[in-house]
Number of protein chains: 2
Amino acid sequence: MSRHPDRDQIRIESVLSALGSPVRLAVVRVLDAGGEHNCGSVLGLLGITAKSTMTHHWRVLRESGVIWQHPSGRENLLSLRRDDLDARYPGLLDAILAGADGDEALEKARRLMSVGGRDRSET
Amino acid sequence: MSRHPDRDQIRIESVLSALGSPVRLAVVRVLDAGGEHNCGSVLGLLGITAKSTMTHHWRVLRESGVIWQHPSGRENLLSLRRDDLDARYPGLLDAILAGADGDEALEKARRLMSVGGRDRSET
DNA sequence: TCGACTGTACTAAGGTTGCCGAACAAAGCA
DNA sequence: TGCTTTGTTCGGCAACCTTAGTACAGTCGA
């Protein structure tokens, strides 16, 4: 069932395309904040969706080497492979997570602007 | 024709998914190495492909904010938006480019190993 | 002005991805 | 021994991505 790549089998294209999806990037942000989660708890934090949909995303993240996923009792625990990613791609994960935070803040600020004042004449 | 996002319209998911494709990552590596290229020269360096295919990739890179593309005479010059990307996502591009180099080196080393000695009993 | 050159626009096939519901498997609890 | 919880697997469907072929538009040189 597992299919985790070894550290040296991780390819940056897989990592980037795995993280190029809003849902999966959100997952990684959640996992980065806390330690281990089971699938359901992350699913809850994202406000979505069908379990089978997430199973799909777990696989993409797992097979690209971004997360560990190991069964524990009847749950399936998820955690970021931070050590491996940092070893292979120093600074990558930090830059991505910081970037995601920045995007979110910028988005939030933009929303406030467009409610309070008039938006600066953007189409 | 253009459709370049402003610096503050760039979203990290778009950047990541744009760079999550081997072809486009290769393009960015080429652009990072040199200054300005026209489309054809990059196409040549990649050893591939139909021009219309690359036009598609230029658009993805352009609309995600990764490259500038501006006409000059009958050519269309391409360049990395390094300043914008570095401003929005400090360290991201460096990490990705270094990672791509690392992957390539590792791959090359692995090929040598499996020719010279026997591969270490993988699958 | 004509022709070569550079790249885009349009179109289409084939594959991949994302999403979901239903059925299933395994672990824990009563 | 059943029932519940937790996720997975499977099948199907729509949307998107990648690739390429063909036709076209703009620019430069002769």
What verdict does the side-chain contact (heavy atoms from CB on, under 4.5 Å) test give for B/Arg81 and B/Asp86, after you've listed the backbone C-alpha separation in whole Å, the side-chain angles of each residue and the deciding distance to 0.1 Å? CA-CA 8 Å; B/Arg81 289 182 67 173; B/Asp86 285 347; over 6 Å; no
Residue pair A/Asp103, B/Arg88: steps toward the salt bridge (Lys or Arg N to Asp or Glu O under 4.0 Å) verdict: CA-CA 8 Å; A/Asp103 275 18; B/Arg88 285 296 303 279; 2.4 Å; yes
When you look at B/Tyr89 and A/Ile96, which way does the side-chain contact (heavy atoms from CB on, under 4.5 Å) test go after all the steps? CA-CA 7 Å; B/Tyr89 312 117; A/Ile96 291 175; over 6 Å; no
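Listed nucleotides C/dT8, D/dT19, D/dT8 differ in distance to B/Trp58; the shortest reach to its side chain belongs to C/dT8. Distance from the side chain of B/Arg24 is smallest to D/dT18 among D/dT9, C/dG18, D/dT18.
One atom, CZ of A/Arg59, and another, C1' of D/dG7, lie 13 Å apart when rounded to the nearest Å. Straight-line distance from the CZ atom of A/Arg3 to the C1' atom of D/dT8: 16 Å, rounded to whole Å. Distance NE2 (A/His37) to C1' (D/dG7): 17 Å, rounded to an integer number of Å. Straight-line distance from the CD atom of A/Glu63 to the P atom of C/dT16: 14 Å, rounded to whole Å. In this structure, NE2 of B/His56 is placed 13 Å from P of D/dC16, rounded to the nearest angstrom. If you measure from atom NE2 of A/His57 to atom C1' of D/dT9, you get 16 Å, rounded to the nearest angstrom. Remark: C1' of D/dG7 and CD1 of A/Ile67 are 13 Å apart, rounded to the nearest angstrom. Here the C1' atom of nucleotide D/dC28 and the CG atom of B/Asn76 are 16 Å apart, to the nearest Å.
When each of B/Glu75 and A/Val60 is assigned the nucleotide of DNA chain C bearing its nearest heavy atom, the one mapping closer to the 5' terminus is B/Glu75.
B/Gln69 has a side-chain polar atom (N or O) that falls below the 4.0 Å cut-off from OP1 or OP2 of C/dT8.
Residues passing the ring pair (Phe, Tyr, Trp, His ring centres under 6.0 Å) test with B/Trp58: none are found, sequence neighbours excluded.
A/Val60 and A/Val28 are members of different hydrophobic clusters when ILVMFWY side chains are connected at heavy-atom separations under 4.5 Å. Put simply, A/Leu77 and A/Leu31 are part of two different groups of oily side chains (I, L, V, M, F, W, Y) that touch within less than 4.5 Å, one to the next.
Neither side chain, B/Arg62 nor B/His4, offers a donor N or O lying under 3.5 Å from an acceptor on the other.
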Collect all protein-nucleotide pairs involving nucleotides 21-26 of chain C in which both atoms are nitrogen or oxygen and the distance is under 3.5 Å.
residue: C/dG21; atom: N7; partner: A/Ser52; partner atom: OG; Å: 3.2
residue: C/dG21; atom: O6; partner: A/Ser52; partner atom: OG; Å: 2.8

